[in-house]
2 protein chains.
Amino acid sequence: MKPPEARRRLSPDLREQEIVREAVKFFAEFGFEGQTRELAKRLGITQPLLYRYFPTKDALVERVYQEVFLRRWNPFWEELLQDRSKPLGERLTAFYRDYSQVILTYEWVRLFMFSGLKGLDFNTRYLDLLRQRVFDLIINELRLAHSRKPPDEAPITTMEIEAVWGLHAAIFYLGVRKFIYNMPVENINSIVDLELRIFLDGVPGTLAGR
Amino acid sequence: MKPPEARRRLSPDLREQEIVREAVKFFAEFGFEGQTRELAKRLGITQPLLYRYFPTKDALVERVYQEVFLRRWNPFWEELLQDRSKPLGERLTAFYRDYSQVILTYEWVRLFMFSGLKGLDFNTRYLDLLRQRVFDLIINELRLAHSRKPPDEAPITTMEIEAVWGLHAAIFYLGVRKFIYNMPVENINSIVDLELRIFLDGVPGTLAGR
DNA sequence: CGATCAGTTTATCAATCGATAAATAGAGGA
DNA sequence: TCCTCTATTTATCGATTGATAAACTGATCG
């Protein structure tokens, strides 16, 4: 029925964009063991053509990383978290609502987990970034909001970091449930709000070192 | 150097045990695409011997599931959570300390994630169990501890479930960080205690429907 | 309108993987 | 000690997969 898909001749730029876009979806679905022939089929091209644009499969995978993880980081988040003209609760809500909208996607969550399971160092590098650019800021602002010594006077404790990890995990795990376990997860914004209320109500005890 | 590993003739029962034990570790490391030849090499046997004990690779994978997930559930947990002779905080601490010791292992966490990413229905089934045998109990006990209507008078809300999911995620994610992202995570018991303090201090607002 | 360049396909290789059949060898019993 | 049973290995098949080389074809320019 379907016509045998006439040969489409595209400019290299466009073709490369199409390949990367489809590869992101494809590897997010099947993991990095997904076969190049199947990817080519989805693109409506033949498998050897992929090798005209990427020397090896690994090079294509590498490109997918960059596309999904590096290009989606928003530097504005760091400013947002430190904008003391608003109460901290409001800032955290604004940040995690936006962050979850970017991160809690099929591609991001699954590729991140696939990458971790395969032992690539990308996760570590991303999480180091997260720690420095987000966790440390949050802890700093929390101390300020509760009139405690800033980190340069009293070093950040393991338990403070773990407290923030708990909040972060509760939110990120929504994506794991939705996109990896295939569970229905709706109204993410209101769940984010819930987790933030629990965190902000519960965390003073930790800051007090109780 | 190493002698070519003399042929060891084992009873079928013992050999099967060895295969299953090693397969658990092996698939947890490489996922279900791990190759039967490599698994056989680790066992010090040849690859066709695997097929004397399991008709297909899938059958072996299925067996691994049962071994790791089904056989590690402890029915005592359900009693523990409902033992009203102790305060709820104590019960939750005892439960999550024990649960995390069973679940937060290299094999459990990784196999669960591999299984989810591959789209097997096992995760859904396990999580249904968890919801019924743990989450509902916790919510019931929380309401009791805060003098609220029991679930058979006022149905469990989405947000109550999500609150418990948040706690659970914070704890399970310790395993994800340790065994999937390969991060150092130490003193799990004290982190569990921390998450429970935050949860218990923070959750009354949610119960009040605030 | 024909030549040329490059985007795309066809054909195919070499390695890998799950699986099967036949040959081998270790252990217990008569 | 030898025989028999079966646990284990050797040899190999067929399908799959990443990758390469050569042939094909569509678009642009003179």
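Labels below follow one simple rule: chain letters A, B, ... track the order of the sequence lines, proteins then strands, and each chain is numbered from 1. Everything numeric here is computed off the predicted structure, so don't read it as measured data. The basis for the numbers below is simple: all heavy atoms, side chains too, and nothing from hydrogens, waters or symmetry mates.
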Exercise. Does the side chain to side chain donor-acceptor pair (under 3.5 Å) test come out yes or no for B:Tyr181 and B:Tyr173, once each step is laid out?
Worked result: CA-CA 10 Å; B:Tyr181 304 157; B:Tyr173 209 67; 2.7 Å; yes
Closest approach to the side chain of [X], judged atom by atom: which nucleotide of [options] is it?
X: A:Thr46; options: D:dA19, C:dT10, D:dT9; answer: C:dT10
X: A:Pro48; options: D:dT9, C:dA11, C:dT8; answer: C:dA11
X: B:Gln47; options: C:dG18, D:dT10, C:dT12; answer: C:dG18
X: B:Ile45; options: D:dT9, D:dA7, D:dA19; answer: D:dT9
X: B:Lys57; options: D:dT10, D:dG18, C:dG18; answer: C:dG18

For this session: Classify the side chain of B:Arg9 and the base of D:dT6 as holding, or not holding, a donor-acceptor pair under 3.5 Å.
Result: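 Result: at least one qualifying N/O pair found.
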Exercise. Quick one: does B:Arg15 reach the base of D:dA7 with a side-chain donor-acceptor pair under 3.5 Å?
Worked result: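 Checked by distance alone, the answer is no.
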Exercise. Does the distance from a Lys or Arg side-chain N to an Asp or Glu carboxylate O, for A:Arg84 and A:Glu141, drop under 4.0 Å?
Worked result: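 Result for this pair is yes, salt bridge flagged.
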Exercise. Hey, which of these two, A:Thr36 or A:Arg52, hits DNA chain D nearer its 5' end, going by closest nucleotide?
Worked result: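 Comparing both residues, the 5'-ward one is A:Thr36.
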Problem set entry | Quiz item: cation-pi between B:Arg177 and A:Trp165, 6.0 Å / 45° |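 Geometry flag: set, cation within 6.0 Å and 45°.
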Exercise. Looking only at side-chain N and O atoms, does A:Tyr53 come under 4.0 Å of OP1 or OP2 in C:dT8?
Worked result: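 The answer is yes; a side-chain N or O of A:Tyr53 sits under 4.0 Å from OP1 or OP2.
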